[in-house]
Structure formats: structure tokens, C-alpha cells
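This report concerns only the one structure given below.
Order of appearance sets the numbers: ligands from 1, and atoms from 1 within every ligand.
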Amino acid sequence: HVKERGRSDFRFYQRQMNIGLLSRMKLDHAMRQALEHQLFRLHYQPQINLHTGDIFGVEALLRWNDKDLGEISPSQFIPIAEESGVIVPIGQWVIQHAIRQAAQWNQAGHVLRMGFNVSALQFQQANFVDLIATTLAENQLSPDRIELELTESVLMRDVDENLRKLESLAKLGVKLSIDDFGTGYSSLSYLKRFPIHKLKIDRSFVDDLPQDDSDVAIVTAIIHLAHALKLQVIAEGVETEDQKEFLQAMHCDEYQGYLFSPAISAEEFEQKFLSKIQSPDCQLRVSS
Ligand code: C2E
Ligand code: MG
Ligand code: MG
Ligand code: MG
């Protein structure tokens with residue numbers, strides 16, 4: 001385990017150095033090139049219902065393997081893409097690919113929800129709701145088969161304008177969740193005002209479950225808060241059986257994490273998991 005830590009720390013430093021050596025301008029240029037040459041990919045992390053054990057959805061996570069720089073983590077390049085504005089076309093690419101993939105899997109008869117991350121600048125675009133609606137229509141995907149993950153900082157930026165957008169999206173039938181819940185700065189009153197469906201408990205609160213008393217208190221409180229407000233709640237970053245059992249005992253609804261699977265390619269997801277996902281068409285055929 002220690003050895004593994006060491007190795008991933010080293011890889012992390014290597015990436016840090018690669019990125020650190022580049023000016024923001026060069027990195028921005030590299031991202032635009034990557035977009036143009038289709039070097040971004042989406043990987044998909046399964047999300048599991050804690051009551052039934054079923055996979056009900058996936059989170060699409062952006063991957064970038066640069067020819068010169070190697071594999072670069074989104075937590076490194078997304079903030080820079082956000083600053084330079086290139087997050088807007090990147091985000092558009094994510095929306096188009098995530099929705100297309102979701103449509104493919106759902107049209108093949110698998111009931112599956114596709115979650116994806118939306119950055120602040122992307123959400124602020126005047127045509128954001130239109131882009132979502134148009135892409136859903138083009139792919140003939142039911143809006144309730146996608147879930148937008150927004151962070152507190154995205155939501156708190158321009159509250160009135162955001163409220164209008166969220167209401168349009170919710171009216172369409174799109175599901176909305178708050179990512180990294182509890183780590184941002186925000187007031188709880190927005191939970192009352194915004195038409196949100198789900199809270200995502202940040203990994204940092206899950207890491208030291210069930211040993212750390214503060215994390216136990218925080219996670220329990222978030223689950224109770226969610227349920228009292230009639231929201232769903234999912235825990236991210238679940239790595240151990242103990243964490244999962246704790247969440248189950250606290251009646252958390254869903255989880256995702258390395259314990260079940262990291263984010264994997266579409267092909268790998270299809271091979272490993274897709275055949276096991278509820279397929280109403282098949283059930284009909286069997287019973288008739
Ligand atoms: P996030 O949305 O909170 O995604 C969860 C991150 O936790 C992902 O990292 C995922 O691979 C990682 N993770 C999942 N399970 C575990 C686990 O059990 N243990 C650990 N240690 N990590 C786990 P990733 O893919 O590196 O993404 C990092 C962040 O980058 C995301 O955090 C999100 O904020 C951002 N991001 C990723 N893809 C996109 C995208 O398409 N658009 C935008 N705007 N942001 C993105
Ligand atoms: Mg997310
Ligand atoms: Mg998160
Ligand atoms: Mg995060």
C-alpha cells in the first residue's frame with residue numbers, strides 16, 4: 001500500500017512538473033489542439049444504488065492524454081481551461097459526447113442515467129439551457145436520463161439568473177445535483193430555492209469514515225439534511241467495504257468509488273457492466 005502511494009505520488013509530481021513547465025498560454029494552446037484533434041475522451045464511473053446494489057448511472061469524467069505531456073488530470077487542466085475560457089468549447093464537447101453515449105446505451109435497452117460536470121463559465125453561457133435541450137432532442141434522449149453536476153460555487157455566482165436556468169432545466173426533466181457538497185461556500189437557503197434533486201457528499205468527508213468522528217458527524221448530517229428536504233444523496237470516493245457499510249447503515253441512497261470501479265472507457269464499461277443493467281425490453285420478451 002505504501003509502495004502504491006509512493007508510485008502515485010511520483011506520477012503526480014511528474015504531472016505537476018510537466019504542467020509547471022508550461023506557461024498558461026501554452027497549456028491553453030495545447031487544450032485547443034487537443035479539442036481539434038479529438039484527444040479528449042470520456043471515461044465513465046458506475047454509480048450504485050445502496051439499497052439494491054444495482055448500477056443506476058455513470059458519471060462522465062474527462063480524460064486527456066497529451067502526446068508530449070502524458071496523461072493530465074482534469075483537476076489540473078479544468079481550472080486553467082476555466083480561466084482562459086476554453087472550458088466553453090471543451091464543455092460543449094463533453095455535453096455532446098456524454099448525451100450521445102447515454103442515448104446509445106438507453107436505446108440499446110439499458111436504463112441508465114448519465115451524469116456530467118458543468119463548470120461555472122459554461123453554465124453562465126446564455127445559450128446553456130438551449131444547448132442541453134437541443135442536444136437531447138437531436139439524440140432523442142429523455143431529459144431524465146441526464147444529471148448535471150454543479151458545484152456550490154457555480155450556483156452561488158449569479159443566483160437569480162441561475163435560478164431561472166435551473167428551473168428551465170428542471171422543467172425539461174433534467175436531474176440536477178450539487179457536487180462536492182459541503183466544501184464550497186454557500187448558504188443553505190439555496191437548497192430551498194433551487195430545484196435540486198441530489199447532494200453529492202464530497203470525497204474528503206468519506207475518506208476517513210468510519211474512524212473519524214467529525215466525518216461521521218458531517219456525513220450523517222448531510223444524509224439527514226438531504227432526506228429531510230426530500231433529496232437523494234450519493235457518496236463519492238468510496239474505497240472500502242467499511243465505508244460502504246457505514247453509508248448503508250446511515251441510509252445513504254447511492255455511492256460511487258474505486259471500491260466498485262474507477263472511471264473506465266465506454267468499451268470496458270460495456271464489457272464489464274452493461275449486460276447486467278436492467279433492460280426492460282429483455283424482460284418483456286422473456287415474459288411474453
Ligand atoms: P468530481 O466531479 O468531484 O469527480 C470525482 C473525482 O474523484 C474524479 O476525479 C474521480 O475519478 C475521482 N474518484 C472517484 N472515485 C474515487 C475514489 O474512490 N477514490 C479517489 N481517490 N478518487 C475517486 P477526476 O476524474 O480526476 O476529476 C477531477 C475533477 O475534475 C472532477 O471532480 C471535476 O470537478 C473535474 N472534471 C472532470 N471531468 C470534467 C468535465 O467534463 N467537465 C468539468 N467542468 N469538470 C470536470
Ligand atoms: Mg462530479
Ligand atoms: Mg465531486
Ligand atoms: Mg471534486
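Here's the thing with L62: one of its N/O atoms is less than 3.5 angstrom from an N/O atom of ligand 1. The shortest N or O to N or O distance between Q256 and ligand 1 is not under 3.5 Å. Looking at ligand 1, you won't find any N or O of Q122 less than 3.5 Å from one of its N or O atoms.
Proximity of V216 to Q211: side-chain heavy atoms (C-beta onward) are nowhere separated by under 4.5 Å. No side-chain heavy atom of I178 sits under 4.5 Å from any side-chain heavy atom of K200. At a threshold of 4.5 Å between non-hydrogen side-chain atoms, the residues R145 and M114 do not count as touching.
Neither the backbone nor the side chain of L42 has any atom closer than 4.0 Å to an atom of ligand 1 (non-hydrogen atoms only). Only side-chain heavy atoms of D179 come within less than 4.0 Å of ligand 1; its backbone N, CA, C and O stay farther off. Residue contacts with ligand 1 for S119 involve both N, CA, C or O and side-chain atoms from C-beta outward (heavy atoms, distance under 4.0 Å). Only the side chain of Q45 comes within 4.0 Å of ligand 1, counting heavy atoms alone; its backbone N, CA, C and O stay farther away. Looking at V94 against ligand 1, only its side chain comes within 4.0 Å, counting heavy atoms. The proximity of E59 to ligand 1, defined as any non-hydrogen pair under 4.0 Å, is limited to the side chain.
Summarising the geometry of L176 relative to P195, their closest heavy-atom pair is CD1-O, 3.4 Å, with the distance given to 0.1 Å.
Annotation: F273 is not in aromatic contact with W105 [ring centroid separation under 6.0 Å not met].
No side-chain donor-acceptor contact under 3.5 Å links Q256 and E236. Residues N49 and E254 have side chains that never bring a donor and an acceptor to within less than 3.5 angstrom of each other. In summary, the side chains of E59 and N117 do present a donor paired with an acceptor at a separation below 3.5 Å, with no hydrogens or angles considered.
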Test log, rule side-chain contact (heavy atoms from CB on, under 4.5 Å), inputs Q76 and W64: CA-CA 11 Å; Q76 291 194 294; W64 175 23; over 6 Å; no

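Heavy atoms of G237 come nearer than 4.0 angstrom to ligand 1 in at least one pair. Using a 4.0 Å cutoff on heavy atoms, R63 counts as a contact of ligand 1.
Screening R32, K26, R24 against D28 for a side-chain hydrogen bond (donor to acceptor under 3.5 Å, both in side chains) leaves a single residue, R32.
Contact annotation: D180 places no N, O or S atom under 2.8 Å from the Mg ion (ligand 2). Note on E236: counted as a metal contact of the Mg ion (ligand 3), an N/O/S atom lying under 2.8 Å. The Mg ion (ligand 3) does not have D202 among its coordinating residues (no N/O/S atom, backbone or side chain, under 2.8 Å).
Closest N/O/S atom of D179 to the Mg ion (ligand 2): OD2. The closest approach of E149 to the Mg ion (ligand 2), by N/O/S atoms, is made by OE1. When the Mg ion (ligand 2) is compared with the N/O/S atoms of E59, atom OE2 turns out nearest.
Using a 4.0 Å cut-off to heavy atoms of E239, the atoms of ligand 1 that qualify are 17 (C), 18 (O), 19 (N), 20 (C), 21 (N). Close contacts of ligand 1 with G257, meaning ligand atoms under 4.0 Å from a residue heavy atom, involve 15 (N), 18 (O).
Within a 6.0 Å sphere centred on CG of N127, other residues, nucleotides and ligands contribute more than 12 heavy atoms.
Relative to atom 24 (P) of ligand 1, the option among G115, P74, A60, S261 with the closest non-hydrogen atom is P74.
For T134, there are no side-chain hydrogen bond (donor to acceptor under 3.5 Å, both in side chains) partners at least two apart in sequence or on another chain.
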